[in-house]
Amino acid sequence: MSGAPIRTTCPYCGVGCGVLATPDGAGGVAIAGDPEHPANFGRLCSKGSALGQTVGLDGRLLAPRIDGAEAGWDTALDLIATRIGAAIETRGPESVAIYGSGQMLTEDYYVANKLMKGFIGAANIDTNSRLCMASSVAGHRRAFGSDTVPGTYEDLEEADLVVLVGSNLAWCHPVLYQRLAAAKAARPALRVVTVDPRRTATTDLADLHLPLRADTDVALFNALLAEIARRGAVDADYLAAHVAGFDAALDAARATDAAVTGLAAEDLAAFLDLWIGTERVVTVYSQGVNQSAAGTDKVNAIINCHLATGRIGRPGMGPFSVTGQPNAMGGREVGGLSNMLAAHLDLENPTHRFLVGQFWNAPRLAATPGLKAVDLFRACGRGEIEVLWIIGTNPVVSLPEADAVAEAMGRVPLVIVSDMFATTDTARRAHVLLPALGWGEKSGTVTNSERRVSRQRPFLPAPGEARPDWWALAEVGRRLGHAEAFAYESPAEIFREYAALSALAAAEGRDFDISALVEADYDAMPPAQWPVGGPARFFAGGGFFTPDRKGRMIAVAQAAPEARAPRFPFTLNTGRVRDQWHTMTRTGRSSRLGQHISEPFAEINPEDAGALGIGAADLVEVTSPHGTALLRALVTDRVLPGDVFVPMHWSGEFAARARVDALVPAVVDPHSGQPASKMGRVALRRHAAAWYGFAVSRARPEAATDYWALAPTPFGWRAELADAAAPDDWAAFARALFAAPEAEVVISEDRARGTARVALVGEGGVIAALFAAREPVEVARAHIVSAFGTEDPPRLLAGRPGAAQEDRGAIVCACFDVGVNTITASIARGEATSVETIGALLRAGSNCGSCRPELKSLLATHAPRVAAE
Ligand SMILES: Nc1nc2c(c(=O)[nH]1)N[C@H]1C(S)=C(S)[C@@H](COP(=O)(O)OP(=O)(O)OC[C@H]3O[C@@H](n4cnc5c(=O)[nH]c(N)nc54)[C@H](O)[C@@H]3O)O[C@H]1N2
Ligand SMILES: Nc1nc2c(c(=O)[nH]1)N[C@H]1C(S)=C(S)[C@@H](COP(=O)(O)OP(=O)(O)OC[C@H]3O[C@@H](n4cnc5c(=O)[nH]c(N)nc54)[C@H](O)[C@@H]3O)O[C@H]1N2
Ligand code: SF4
Ligand SMILES: [Mo]
């Protein structure tokens, strides 16, 4: 397969960018943005641009395994079906559970949902979207009567004010951010406000940043609603015709004191003026809103303001929940959550149940909602689940109280994991491993944040025995005796069945309708926004999906701030970095992406760091009642005093103790069941190690030190290390670390100063190098990474570039490998004076543009002082 580019869709974030993939015929692929896709019009971010680096077969699971031994598909599927059958027989259908993912394609999801809810007969299927979108779903359903996203991406460009609440759009939805940045550049009157306790890369675009105290968003938007009413800014006609619940919502809003937000009075006033005074306003929200015990209330507090002003469903106006995963939206549509049926039909609604049951010809359609993710794993821990099938998600890393989750899995007699890799923290705990097709191999559809259904098309052959998830699910369905219901031969057949079901849903007055696609040529199907053939936006003229067709304002109260427990005085905020995707099973393999941030870290305010004696580059132990993590301290005033921010990405595959969800308590929102992933309570302590190290190697090091973190480089690996006791014999230590007992050793050691530099030489030159010291090691890491493999041992061990070379520093631009030192030097010389000149001179930021916010902040901090100053 090589030649013409294949049109497909990016497998990362919910922006859902179109990708042109041109296979080279040797397993590789050239990647470009699809200029015709309406989500990105040709743009891609750093992760999308690096997709070619993540499709290799290195480390792939290529055959089913039972208890660690390779097995044929038949054996594995027979075993699964037999055990599910027996579980249903002996302990009832509720003893079987599926835990899926917004990274499954719609067709996979449809079959999983049908199998579980229709044929196994319990609704114990939930997905990682519970950790992600559940509060938005619950908020939408309360306000709109359905899980409807009213607006489109164009609204961000057409608005006069875009408010980003709990959203780091620059790093998490980079192409949407770029569309917004471009719109603002073209029309500077467009205002941007960020609402986030942290200053992020996104804040650079903002005219106003509101660093509110964690979890006080309800108070902020209640203050806005009260002020809307006070200034007479309500849309009385819209309210009278289309909205119920105004009075109660306003009473609740008036009872709230905005002081808990901790915002400066003038910032709050500026925000109220801007929002109330700007008709075209879009309020975008993401995990700072959803991932909270008050997530659903936050969503409704925001929607209330849009309903009260009638600013919804018109160009440039409306609340806008951006989705995280490539198919978070598709999963919601297809009934991936344990309390929904397919096609936005409700599990609680007897008419809807009847329709779906009849359509599927299902022998025992589930009658009650199933367990939500956190409860599902608690049930595992209580020994109530016999068979657990995990598909496309890594709960041992991503669920709160993650150590308890790992333990709970140990109580399940049969754990099946479908993944592309056998080495994930979750896969390592499976009894049966099923090899799944990955991006580029699998075929189906995904829906993005603006309700646009796009095709993921295959351009690589299925490797080994890997199969699509829908196929494995359907095979189990057939083996359970439902041959006809699961007789699918292709994703196209599944999609057609689903599209036909959506016609029934639409006839019932539901919003979701893709029935126009029943006859579509599946392979050629262009991106289509739903309702297909209908208007692009919802609710400008009312028409909500409630019994009286009115939208609902909901009375929401700000919870009183929790007293800080003296033992755990810090608030643990968690989230994402630019170049990693979740638990790093794919992006963790890309050397391009691994160089932006190569280590797990904790952002700590300088005030707190000072009080605790934590210096820059120290290691810090973060402890909660549930677990501990060991991380690099990043001392920065980007976080408020009392807060600490830790990325969610680093797993047991890439670091010793950095799974932050081991620390996060399993507190959930009462309406949505979504965990409060950003508001744990922790203690911080400086970790004193006897030595620290930096290493590069060809093969993956076998680190067993207290602290280690690994990242790939173009020639192998880089590692950060630290331990409580320094080895007596560095040469022996290095040989063990790099599993090279025979290697020749070049060493330079200063016992008095406690430094050691070791190079191991094997076949073809240097195979590894270690730099150790009593303090966090100061060597030019980017230089060592690029010199490794080309320099002789003494020059490599010198640890810094020769006079003729420069040390690029940490990589900022992943596309062209441009380091921070190169950029700041050019700025300091007065050559690079803008993001554009940096692009022209150094190329940085001129391809995908994901680093442009960072370039902007470098320009702000490194611009040369004018002599007269
Ligand atoms: N690079 C990258 N991009 C991704 C992903 C990835 O793994 N990597 N994952 C995708 C997925 S699945 C998702 S869900 C999205 C998530 O996208 P985002 O929600 O934008 O990302 P997060 O970093 O989780 O959190 C956003 C912000 O919420 C802030 N926050 C924390 N507490 C509060 C609060 O109480 N109030 C407010 N207002 N803000 C708060 C945090 O400081 C953080 O900056 O990203 C998607 N895109
Ligand atoms: N503390 C904290 N925790 C969080 C969050 C947070 O902000 N803070 N965010 C939460 C959110 S929003 C999310 S979405 C979750 C994400 O958390 P996870 O879903 O656990 O993260 P991923 O790394 O995306 O895991 C996906 C797995 O599926 C595999 N995979 C990818 N595609 C396929 C496929 O087609 N088929 C199969 N069978 N496998 C596939 C990948 O190799 C990987 O192992 O984390 C949540 N956890
Ligand atoms: S913004 Fe980046 S990660 Fe998201 S879909 Fe587009 S290319 Fe993929
Ligand atoms: Mo997510």
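Only a predicted model underlies this, so the values are computations on that prediction, with no experimental measurement involved. Order of listing sets the numbers, starting from 1, for every ligand and every atom in it.
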| query | Would you say Ser101 and Gln325 make side-chain contact, with heavy atoms under 4.5 Å? | reply | yes
| query | So do the side chains of Tyr99 and Leu399 get within less than 4.5 Å of each other, counting heavy atoms only? | reply | yes
| Has Trp439 got any heavy atom lying under 4.0 angstrom from an atom of ligand 2? | no
| message | In this structure, does ligand 2 have an atom that sits under 4.0 Å from one of the heavy atoms of Leu437? | response | yes
Is it the side chain (CB and beyond), the backbone, both or neither of [X] that lies under 4.0 Å from ligand 2, heavy atoms counted?
X: Met104; result: neither
X: Leu434; result: neither
X: Asp661; result: side chain
X: Asn394; result: both
X: Phe421; result: side chain
X: Asp419; result: both

| Test item: side-chain donor near acceptor, Trp581 and Gln103, under 3.5 Å | yes
| field | Side-chain donor-acceptor contact under 3.5 Å, Gln287 with Ser677 | value | no
| query | When you look at Lys298 and Asp217, which way does the salt bridge (charged side-chain N to carboxylate O under 4.0 Å, His left out) test go after all the steps? | reply | CA-CA 6 Å; Lys298 291 188 188 184; Asp217 305 77; 2.9 Å; yes
Of the choices [options], which has the non-hydrogen atom that lies closest to [atom]?
atom: atom 25 (O) of ligand 2; options: Ile390, Thr127, Thr393; result: Thr393
atom: atom 13 (C) of ligand 2; options: Gln291, Arg130, Arg576; result: Arg576
atom: atom 37 (C) of ligand 2; options: Asp469, Asp425, Thr574; result: Asp469

| Considering only heavy atoms of Val175, which atoms of ligand 3 have at least one such atom less than 4.0 Å away? | 1 (S), 6 (Fe)
| said: Within the 4.0 Å heavy-atom shell around Gly16, which atoms of ligand 3 are there? | reply: 5 (S)
Shortest protein heavy-atom distance from [atom], along with the residue and atom involved:
atom: atom 22 (P) of ligand 2; result: His582 CB, 3.4 Å
atom: atom 24 (O) of ligand 2; result: Gln103 NE2, 2.7 Å
atom: atom 39 (N) of ligand 2; result: Gly392 CA, 3.2 Å
atom: atom 40 (C) of ligand 2; result: Met420 SD, 3.4 Å
atom: atom 47 (N) of ligand 2; result: Ser398 O, 2.8 Å
atom: atom 34 (C) of ligand 2; result: Lys442 NZ, 3.4 Å

| said: Salt bridge check, Lys372 against Asp375: does any charged N sit closer than 4.0 Å to a carboxylate O? | reply: no
| message | Check Arg7 with Asp34, please: is the shortest side-chain N to carboxylate O separation under 4.0 Å? | response | yes
| atom 6 (Fe) of ligand 3 to nearest N/O/S of Cys10 less than 2.8 Å | no
| query | Out of Ser46, Cys813, Cys45, which residue meets the side-chain contact (heavy atoms from CB on, under 4.5 Å) rule with Cys851? | reply | Cys813
| said: When you measure from the heavy atoms of Leu44 to every atom of ligand 3, does any distance fall below 4.0 Å? | reply: yes
| request: Determine, step by step, whether Arg578 and Glu854 satisfy the salt bridge (charged side-chain N to carboxylate O under 4.0 Å, His left out) criterion, reporting the C-alpha distance in whole Å, the side-chain angles of both residues, the deciding distance to 0.1 Å, and the verdict. | output: CA-CA 10 Å; Arg578 192 188 81 190; Glu854 283 150 288; 2.7 Å; yes
| request: Flag Cys848 as yes if one of its N/O/S atoms falls below 2.8 Å of atom 2 (Fe) of ligand 3, otherwise no. | output: no
| query | Does Trp439 have its ring centroid less than 6.0 Å away from the ring centroid of Phe459? | reply | yes
| query | Can you say whether the rings of Phe645 and Phe601 are parallel (under 30°), tilted (30 to 60°) or perpendicular (over 60°)? | reply | tilted
| task | State the atoms of ligand 2, each with its element, that fall below the 4.0 Å cut-off from a heavy-atom position in Cys132. | result | 12 (S), 14 (S)
| Just which atoms of ligand 2 are under 4.0 Å from any heavy atom in Thr424? | 44 (O)
